[in-house]
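Accompanying notes for the structure given below.
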Amino acid sequence: MSCRFTLAALAALACTAVAAAQDATGGSTAYQSTYQPLPSEPVAITNAVILTGTGARIDGGTVLIRDGKIAAVGANVDVPDGVHVIDADGRWVTPGLIDVHSHLGVYPSPGITAHADGNEMTSPVTANVWAEHAVWPQDPGFAKALAGGVTTLQILPGSANLIGGRTVTVKNVYAHDVMAMKFPGAPHGLKMACGENPKRVYGQMKQQFPSTRMGNVAGYRKAWIEAKEYIRKWEKYEEKQQAGGEEAEKAEKPTRDLGLETLAGVLQGEILIHNHCYRADEMAVMIELAREFGYLDQLSAFHHAVEAYKAADLLAENNVCAALWADWWGFKMEAYDGVKANIAIVDAAENGCAIVHSDSAEGIQRLNQEAAKAMTAGNEAGMAIDEARAIRWITANPAKSLGILDQAGTLEPGKMADVVLWSRNPFSVYAHADQVYIDGALAFDRNDPGRRPVSDFELGQFERAEVGR
Amino acid sequence: MTLLKILLDFVSGGRRFNSRLESRSHKACGLGMLLLAAALPADAEIIAITGGKIYTMTDDRPLDGATVLIADGRIEAVGPDVHIPDGARVFDATGQIVTPGLVDANSHIGLVEVSLEDATVDAGVTAEHPYADRFSAAFFAPDGFNPASTLVPINRIEGITRAMVAPMANKTVIAGQGAMASLSGSPASLMDDSRALYAVLGESGAQLAGGARAAAQLHFRQALDEARDYAEHEKDYLEGERRPYFLNRLDLEALKPYVAGERPVVVTVHRASDIRNAVRLADELGLDLVIQGGAEAWRVADELAAARVPVILDPLLNLPVSFEALGATLENAARLQAAGVTVAFSTGSSHNARKLKQAAGVAVAHGIPWIEALRAITLNPARIFGMDDRVGTLAKGRIADVVVWSGDPLELTTTVEQVFIDGRPVPMESRQTRLRDRYLDIEALPQAYDKP
């Protein structure tokens, strides 16, 4: 498109580069994943209690890992010669855990001012920023999460803004830059937030718009209206280019706008929405908002959703997942009505998609424990939830909400070999992740101090043996 | 002393009926006492919890298939062959675990309803307010305690029967005082003889004192020096014959038991050097020191053990969340306990104080013996605050705070069968169970039409 205006000598190179970097609406294909799996060898974990993440449990089972993928999983798997065999001896195996809500890297440890990169709190709509550009890969929190069995996580902007920016899904691997962590093929997400936070940050603290929930909704609607107009401009420009001739020459190319480009990405089905929203009534409004602008299919999950249990049917009918805590409540008025059975009630609805998330550098280390509490609360309320069902809340369901279920989230042949070998039933407070595999490579080994990432920040602070875990 | 007040005191927890009250009532309200005895309030009920595996915490070994006998709000007997009197209410705990009620060593339960709504938060003053630094030691946070807070039932049905109700340090290095309260919900749940002083040094203290740790130590030292001087020259002070102090009289008065070493002083510090400074200061000023936070306390374990300084810690803190917690590790509790330090646990959360047992379980997973972890959430907090003659064990004469569990109290799949506080069973419901039940069965009519 723009290449016709460059010098012929450089045209070939520049043209390709520009064309590759921009698509029809001026969207970007830059910052692609450069992730490469760690070196690995074929491995078979045998004699394990396997939770596949599909709802199945296999006792005395085997997982065969080869070329970074699950080659086979079942009770009667033939293990070829030469494959390194690990006898689980009754230990449990699950898919790698997936946390859909993390601020590791953007609000890292230590939590100092210089590191506070999670919220571009200078305007209520910042669809133009990308969380991945704020990720500090040396956050010691990543390795702690890995020790807790987390192999994939979504890092989001915070919830100060109505529209906070793009999220990024990463593999929990140690890398020197975020692009080397990006989950290959994962779509971007868009962070939205309803309720108290935006109106507290802008209305209360800055005396700006929005200062009310009605202001919030007007803010989203304005942004989507502008996004639709942006798409229309580009489509019109494209039509003229296709038509060719003088009209094409004269047509003014629309100015590229990063924020509108991201919003357009949602409307065009490329970007999923992850919406921080607590109250059931607000979730209903956000669903209606999605219907108003035609992006309901992209509304992937409500996060925190402390009142999701009040709207479980509504969420299930509209195919919206809910990423929840096991028991956090009461820190804000919109979190006052928390109940421990939230996850279980959302899960119980037909087509319900319940997810356990952390939004915490502490919680991400024990997603299995959080799921255990939710499972117990559900059973206490009269439901019958077993481990095979509950494990989905931290594996398959998060994968679904992130648009990566075709690649990860379950132990099925052909999928990425993101696997955790636990010391015992992972729903026990005493369980440890003994080994964590990412794409078939042993990324963490509890019994091998050398097989555990140490970030640059931690070097020279204490001897590793001293600090332990 | 009205009959109604005596009745309320008696019904809400027999131990409130102290000797001062008794002698007055003998003189003026003898008839009242007779009436009370005849009415036999629930408090005088005899309860036998039978068949359970009992962890008394008086020693490490559990008693299998034994009985806890409760009368008048106190433990009457514990053992395998306890005689159960006629008319006793029996709770069958066969196949279940019985422990003392859990004690949270640090919380703001009763002082906060919704954390971000200032009007509902009474744990500390608002830093920006011009009166914020008017008082420090005299600020007795439990004066704002609300026994009807929703946090009380929500946490007590999960096994927490008592908690330290502490102030927040928002403006002054010495934040104020706290005390232990039961989660009975009774107007008389505060235990006034369980007071402790709270102060912050380290990064928080530095921030409050002008931006440097040395300044925080000066504020702290000056306050205690003045308090000691005041205690020794009170008469002169009242007659205007003593040098002027920075502290006001109420603060000076409040500090008396602490400078005398009679009540504990809880200092929040994390960094090893800050912990050493606190130990040194306490030794110099004659204080009964308790370290709170203590992320790097394991580095100073031997010194803490030698100085007999206990540590209240969060077993889940293992990240370098700040430059003063670079050495945070999940093995903190295990290392301290092994070195002979008395440890107590707290998550620091009030709404989710109920995570205490999960935190204790994680500590066990990282090396502390199970029985010591249970001790860290029962007897040790009581011991630290001088309440172990009444709280933290199942033994004759102790307050009857008892929990019956479906299994290992620290395990995530265990449920709480029944909680007793002051010898009375608590209703095993809360606002949250009511909300849950309302939405478990969704019917034609909107939820508001369900019975309230």
Side-chain angles (χ1 to χ4, degrees), chain A residues 108-112 139-141 144 196 200 307 309-310 312-313 326-333 335-342 344-345 348 361-363 365-366 368-373 375-377 379-383 423 425 427-432 457-458 461-462 466-469, chain B residues 112-117 120 150-151 154 158 296 298-299 314 316-332 334-335 349-352 354-355 357-362 364-367 370 408 410-415 431-440 442 447:
Chain A
S109 300
I112 53 178
D139 183 354
K144 305 276 189 204
E196 291 181 32
R200 177 180 295 113
E307 294 193 354
Y309 65 98
K310 302 185 185 182
D313 288 345
D327 51 20
W328 276 26
W329 73 282
F331 43 98
K332 289 187 285 187
M333 193 60 212
Y336 195 52
D337 281 5
V339 303
K340 290 198 303 172
N342 197 12
I345 292 175
E362 176 266 308
Q365 298 182 53
R366 45 193 62 88
N368 56 310
Q369 295 186 18
E370 300 304 300
K373 288 191 288 186
M375 179 178 77
T376 303
N379 289 333
E380 216 176 356
M383 301 174 191
S423 62
N425 180 336
F427 292 85
S428 164
V429 74
Y430 306 115
H432 292 290
F457 180 73
E458 294 168 284
Q461 301 281 9
F462 288 100
E466 269 199 324
V467 175
R469 294 164 189 94
Chain B
V112 56
E113 204 62 31
V114 179
S115 311
L116 281 179
E117 294 301 325
T120 74
T150 61
L151 280 72
I154 282 166
E158 306 241 14
E296 296 192 349
W298 61 272
R299 303 211 84 208
D314 175 5
L316 301 179
L317 174 55
N318 73 329
L319 281 164
V321 293
S322 64
F323 273 91
E324 60 180 355
L326 296 178
T329 167
L330 294 176
E331 294 177 7
N332 198 12
R335 295 176 186 178
S349 169
S350 301
H351 294 87
N352 255 355
R354 56 193 174 177
K355 273 184 76 165
K357 344 159 230 169
Q358 176 186 13
V362 170
V364 173
H366 289 90
W370 184 90
D408 175 359
L410 308 187
E411 186 53 281
L412 302 167
T413 45
T414 295
T415 52
R431 180 166 187 273
Q432 292 187 354
T433 61
R434 303 270 306 266
L435 273 166
R436 171 200 70 189
D437 293 343
R438 169 173 272 199
Y439 284 92
L440 270 179
I442 295 180
Q447 277 72 24

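Lettering follows sequence order; numbering is per chain, from 1. Treat the numbers as computed from the prediction; the structure is a model and nothing was measured.
The closest side-chain heavy-atom distance from B:R436 to A:N342 is not below 4.5 Å. Two residues are said to be in side-chain contact when any heavy atoms from C-beta on lie closer than 4.5 Å; B:L440 and A:M383 meet this criterion. Taking 4.5 Å as the limit, some side-chain heavy atom of A:W329 sits within range of a side-chain heavy atom of B:N352. For the pair B:T413 and A:M375, the minimum side-chain heavy-atom distance is below 4.5 Å.
Taking both residues in full, the closest heavy atoms of B:E411 and A:S428 are given as OE2-OG, 2.7 Å, listed atom of the first, atom of the second, then distance.
The distance from the CD atom of B:E117 to the OH atom of A:Y336 is 11.5 Å, given to the nearest 0.5 Å.
Neither the backbone nor the side chain of B:S349 has a heavy atom closer than 4.5 Å to any heavy atom of chain A. Contacts of A:Q365 with chain B are made by side-chain atoms alone, with heavy-atom separations under 4.5 Å and no backbone atom involved. Using a 4.5 Å cut-off between heavy atoms, B:E296 touches chain A through its side chain atoms alone. For B:E158, the part lying near chain A is the side chain, with the backbone staying farther off; criterion is any non-hydrogen pair under 4.5 Å. Only the side chain of B:K355 comes within less than 4.5 Å of a heavy atom of chain A; its backbone N, CA, C and O stay farther away.
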- Please test B:L326 against A:E458 for side chain to side chain contact (heavy atoms under 4.5 Å, CB included), starting from the C-alpha separation and ending with a verdict. CA-CA 8 Å; B:L326 296 178; A:E458 294 168 284; over 6 Å; no

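No other option in B:N332, B:V321, B:T433 has as many heavy-atom pairs under 4.5 Å with chain A as B:V321. The residue among B:V362, B:L116, B:L410 with the most heavy atom pairs within less than 4.5 Å of chain A is B:L116.
At least one donor-acceptor pair closer than 3.5 Å links the side chain of B:R354 to the backbone N or O of A:D327.
No hydrogens or angles considered: a donor-acceptor pair under 3.5 Å links the side chains of A:Y430 and B:D408.
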